[in-house]
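Please read these numbers as outputs of a predicted model, since none were measured by experiment. Just follow the structure's listing: the first ligand is 1, and inside any ligand the first atom is 1.
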Amino acid sequence: MAYTYDDQNIFAKILRGEIPNDTVLETEHSLAFRDITPQAPHHVLVIPKGPYVTYDHFAAEASDAEIVDYTRAVGQICQILGLEEDGFRLISNAGRAGVQEVPHLHVHILAGRPLGRMLDKA
Ligand code: AMP
């Protein structure tokens, strides 16, 4: 499958420094920042710096170094926020069915309150 990356998406603009963000962690290949519309007391987005649309795109085309960096960045955020004891949820929406608003890979890290069941049954 060919993935098409739109470099005008809002996270691409954040990565270019064109719009501000509330950074929690920056690594060589990844950036983590607070979601502008938090849905839990902790709501952090982790994105790779490379131009990847979705998780499957990243898994297929990113370098090993990018994948290791990104995976570790997600884990580091959990440590920075102190989430080990109470737990957290990771979500990565992709495409139409996943209702992805921003077409640059991101993992949502949500925590700080009971998050309910994983999916609405509706
Ligand atoms: P998704 O529906 O998975 O694509 O989620 C996109 C997320 O990006 C939403 O939770 C938005 O609140 C968040 N978001 C959009 N613009 C910004 C921004 N400028 N800074 C931080 N988070 C943002």
Of the backbone atoms (N, CA, C, O) and the side-chain heavy atoms from C-beta on, which set of R34 has a member under 4.0 Å from an atom of ligand 1: side chain, backbone, both, or neither?
backbone
Verify the neighbour count for atom CZ of R72: are there more than 12 heavy atoms of other residues, nucleotides or ligands below 6.0 Å?
no
When distances are taken from atom 4 (O) of ligand 1, the protein heavy atom at minimum range is E101 N, 2.7 Å
Mind checking whether I10 has an N or O less than 3.5 Å away from an N or O of ligand 1?
no
Inspect the contact between K49 and E66 and indicate whether a charged nitrogen and a carboxylate oxygen are less than 4.0 angstrom apart.
no
When distances are taken from atom 17 (C) of ligand 1, the protein heavy atom at minimum range is I36 CG2, 3.7 Å
The atoms of ligand 1 lying under 4.0 Å from a heavy atom of F33, numbered in the order shown, are 21 (C)
Could you see if I67 belongs to whatever hydrophobic cluster contains I77? Use Ile, Leu, Val, Met, Phe, Trp, Tyr and a side-chain cutoff under 4.5 Å.
yes
Minimal heavy-atom distance between L81 and R34, with the atoms involved, is CD2-NH1, 4.2 Å
With a 6.0 Å cut-off on the ring centroids, do Y70 and Y52 count as close?
no
Within a distance under 4.0 Å of any heavy atom of N93, pick out the atoms of ligand 1 and give their elements.
1 (P), 2 (O), 3 (O)
Distance to 0.1 Å, residue and atom name: give those for the protein heavy atom nearest to atom 6 (C) of ligand 1.
H106 NE2, 3.6 Å
Heteroatom proximity flag, Q100 to ligand 1, N/O under 3.5 Å
no
Among side-chain atoms of D69 and H29, is any donor-acceptor pair under 3.5 angstrom?
no
Taking everything shown except D64 itself, do over 12 heavy atoms lie less than 6.0 Å from its CG?
no
Nearest protein heavy atom with distance in Å, relative to atom 12 (O) of ligand 1
D35 OD1, 2.5 Å
Examine the proximity of ligand 1 to V99 and report which part, side chain or backbone, both or neither, has a heavy atom under 4.0 Å away.
backbone
Which residue holds the protein heavy atom closest to atom 8 (O) of ligand 1, what is that atom called, and what is the gap in Å?
F11 CZ, 3.4 Å
Aromatic ring proximity Y5/H104, centre distance under 6.0 Å:
yes
